[in-house]
> 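First, the structure itself, so that you have it in front of you.
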4 protein chains.
Amino acid sequence: MSQRQSKSVEAGSRENERRHTILRAAIDVFARKGYHGCRIADVAREAGVAYGLVYHYFKNKDELLETVAETGWGGFVSRIRAVAEEENSSLEAKVRGIADVAFEAYRVDPRAVKVLILEIARSPAGGHVASRQQAFLDVIRMAADMFARAQAEGQLRPELDPMLCASLLCGSIEMGLTAFVSGLMEDRSPEALDRAKAQIAESFLRGVLPSSAPLTETSWKQESPSSGTRPKVGKRA
Amino acid sequence: MSQRQSKSVEAGSRENERRHTILRAAIDVFARKGYHGCRIADVAREAGVAYGLVYHYFKNKDELLETVAETGWGGFVSRIRAVAEEENSSLEAKVRGIADVAFEAYRVDPRAVKVLILEIARSPAGGHVASRQQAFLDVIRMAADMFARAQAEGQLRPELDPMLCASLLCGSIEMGLTAFVSGLMEDRSPEALDRAKAQIAESFLRGVLPSSAPLTETSWKQESPSSGTRPKVGKRA
Amino acid sequence: MSQRQSKSVEAGSRENERRHTILRAAIDVFARKGYHGCRIADVAREAGVAYGLVYHYFKNKDELLETVAETGWGGFVSRIRAVAEEENSSLEAKVRGIADVAFEAYRVDPRAVKVLILEIARSPAGGHVASRQQAFLDVIRMAADMFARAQAEGQLRPELDPMLCASLLCGSIEMGLTAFVSGLMEDRSPEALDRAKAQIAESFLRGVLPSSAPLTETSWKQESPSSGTRPKVGKRA
Amino acid sequence: MSQRQSKSVEAGSRENERRHTILRAAIDVFARKGYHGCRIADVAREAGVAYGLVYHYFKNKDELLETVAETGWGGFVSRIRAVAEEENSSLEAKVRGIADVAFEAYRVDPRAVKVLILEIARSPAGGHVASRQQAFLDVIRMAADMFARAQAEGQLRPELDPMLCASLLCGSIEMGLTAFVSGLMEDRSPEALDRAKAQIAESFLRGVLPSSAPLTETSWKQESPSSGTRPKVGKRA
DNA sequence: AATGAATGAGCGTTCATTCAT
DNA sequence: AATGAATGAACGCTCATTCAT
């Protein structure tokens, strides 16, 4: 990720620090104003550095976004990949794992996720940043592979299109996060996030798993006072 | 030719024609380059009219997009609403109906849907067009109401959060369409679209409907050669 | 003033009427927004005619202003000239006459005078309308001639520069009117106007007439309660 | 004007220099073409700088003019005010002082006075620059106060309206300067300017001072070589 | 004559990028 | 490395003028 480290340790770290400061500033400004609304001047001011310094660390605006994308999205994607390509784990575990990764990212830095979703994952057709242009699609393809393998092993209902399954999972997670990002979901407590994460994974799994495969249910029913009396309406009997 | 009455009649339709031409051009250019990448000059060239004429029909760039949004999204939303607020229809029927509306819109005008999804529904944080800014959110809220009502009637599993259900449905449909829009799905034949539509609705329903409620399954298995024998089951009884 | 009258009387007058309507509208809009702030569209709307019709009666915007200037300023100037070149009248009578003409013009149409002063007389250095560019200067030159002749006859103190006298007279009258036009003078009643006119003429005359030439004073003292004791002095002692 | 001279110390002054260069250019172009005729491109070319640099130093065109106005008019007005509000000086001294200030400004920078008179003092009805819109009126009001005070002390004929007196004085001075600015006065030598200044002040004073107050006359008779022998013709005999 | 749609040059402003220090 | 002044292409919008009817 970082090619600079020679010179002296101090210099290197100082340099990295500066670079990182600018990067954080870029994420903030992007999150606040979006790609087009964000001017280099804004980033510099936010970072508290001189105008021209941004151009010392980044070739141009696109490289800056490119880097923002790489830093954020790249890490995100590799974590997703780690889960999706795990050797000895069930589809269910993988799906839950993917939801985990996504929600954890949101918990750690909601603002960055906002950028990821709005500015990077969905960069408009024209696409500012060539290589990141269809960032989301890579993830979907990766997930599609995962579903295809699972389908071959009988872990996914055979009549389902793996690519479409991948799209649905990603769409569900993304819109679930969007609901939080956008303020649609009022309760943003860690517990609420966990409940949402579980609901997303389980609803999805229930929808695509073979009828014969029972679902490991977590208890995430809200706090219905009467829920105690309610039978853990579980999955399948 | 130079007579009054015929002139005015023609004039009216000519004017509307021009306006419509420009609107179509705007949709095309938006679809190709996104809001910011689309210059008025592009729209004018695409429409084959003079630069200034765009400003004869639209106050400014924002009003142009606003109108694109209203024309496209507005109609779309009202059709969704008609389905969601239907009095005597089951949740399943409504969910299938919503998927129908979305996929029909895509079938009729894929390019417009592209704009809808990329530029209008997901307008970036900054949001160019005030009133349309959170267009998608309105639809989700509408769907959330629908799910809440259904839940009260026992048509939705009680432990699910209606707002989240709404998000998941919308996310699934949107990403399903995105898969087509983006070229992720290679087969874009009407049949493939129908299959996808059914898979989306059914996976979703299977995921959220109470276990006790059986799902009316349509025949959309891809390569089942025996599907010919299966009756084209319509709605459920 | 009007070169069109042939054809048929009706047609001519209808045409003239239209033209005049537009001209009035132009004066109004000019008065309200100034030359640059006034668009052809404004004039057309104000006149209640179609956009393009303005171009039937006037070649272009400049010709329109040119005509406004001619109509207003031209008439004004010729009236001034009539007074200034009168054969058998004293300098005092001429100066008073010039003030009369100016204030009468204001009384008749304050709005037109506003245009005259702000937009025509003082057209900025660049000058929109070539021929009118130095409209005011013509008047001053004319007045300078008048003063020079008077000086030759001993009616003006010999040490004064006639051109400067002309400038002072015009400046005084103009700024006097400006005081009314601008709202600096609150009382704009006919009586107040007459008082101002007299004060301007008399102050000026008292300043430039030879000491030996007594001034015919008018009674324009405002509301001096003690004025009863003061002889309604005609001549001074 | 000056290329490179020193380095670090002059950074601040270099910046000011640039700003000043642009300001001068703006004054020049304004003087030549007026507010509307003057494009930013002109100012930049005149100043010999890049287009965008103008916007580095001035927020926009209006602020540029605003600054021109402030720099020129503001200083002018405060000098006038200093004279007008002087405690121990006669009305005559004040009037002469005001004429001094005005003519001195012209002597120092005729071009700037041209701008002042044509573009700032008399900004058209619409008024480009809000705060400077009625710059002249402020000066007139100030002078009116001065005359009112003088009238209370018997230094101004009681039947005169102070506001009108102020207008006349300002109008006289302004048109006097206009005569020079416009080329109406051919002799623009310092001596000619002094003569004009004296004539303006004295004619005005003679016109408004009480008959009992003699006027201190300066000798400015144009080409009377024998004027030295002429008795200091006071006012009244 | 009358209408108003159509045209396009022109200008203010923004902002990514470069450069001198 | 760091600064911020300098550059100029790009684009939204206006509006005088023309044109088809």
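Every chain is numbered from 1, with letters handed out A, B, ... down the list of sequences.
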> So for A:H56 and F:dA2, does any side-chain atom that can act as donor or acceptor lie under 3.5 Å from a complementary atom in the base?
yes
> Would you mind telling me which of F:dT17, E:dG12, E:dT7 lies closest to the side-chain atoms of C:K61?
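When the side chain of C:K61 is considered, F:dT17 is the closest of F:dT17, E:dG12, E:dT7.
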> Rounded to the nearest angstrom, tell me the gap between atom CZ in A:R39 and atom P in E:dT13.
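Checked: the CZ to P distance equals 16 Å.
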> I want to check something: taking the side chain as every heavy atom from C-beta on, are A:Y55 and A:I40 in contact at a cut-off of under 4.5 Å?
yes
> Rounded to whole angstroms, how far apart are OH on D:Y55 and C1' on F:dA10?
14 Å
> Return the angle between end axes of the helix from E:dA2-F:dT21 to E:dT21-F:dA2, with five pairs used per end and rounding to 10°.
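Comparing the first five pairs with the last five, the axes sit 10° apart.
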> Choosing from F:dC11, F:dA16, F:dA5, which nucleotide comes nearest the side chain of D:Y57?
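For D:Y57, the side-chain atoms sit closest to F:dA5.
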> Would you mind writing out the side-chain donor-acceptor pairs for residues 21-31 of chain C within the sub-3.5 Å range, not counting sequence neighbours?
{"residue": "C:T21", "atom": "OG1", "partner": "C:E17", "partner atom": "O", "Å": "2.8"}
{"residue": "C:R24", "atom": "NH1", "partner": "C:D109", "partner atom": "OD2", "Å": "3.2"}
{"residue": "C:R24", "atom": "NH2", "partner": "C:D109", "partner atom": "OD2", "Å": "3.1"}

> Could you tell me the separation between the CZ atom of D:F58 and the C1' atom of E:dT14, rounded to a whole number of Å?
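The answer, rounded to whole Å, is 18 Å.
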> Please tabulate, for the side chains in residues 45-54 of chain A, all donor-acceptor contacts under 3.5 angstrom to protein atoms that are two or more places apart in sequence or on a different chain.
{"residue": "A:R45", "atom": "NH1", "partner": "A:D42", "partner atom": "OD1", "Å": "3.4"}
{"residue": "A:E46", "atom": "OE1", "partner": "A:R32", "partner atom": "NH2", "Å": "3.0"}

> Check DNA chain E against residues 42-54 of chain A and give the residues with a non-hydrogen atom under 4.0 Å, in numerical order.
A:Y51
> Rounded to the nearest Å, what distance is computed from the NZ atom of residue C:K59 to the P atom of nucleotide F:dT17?
9 Å
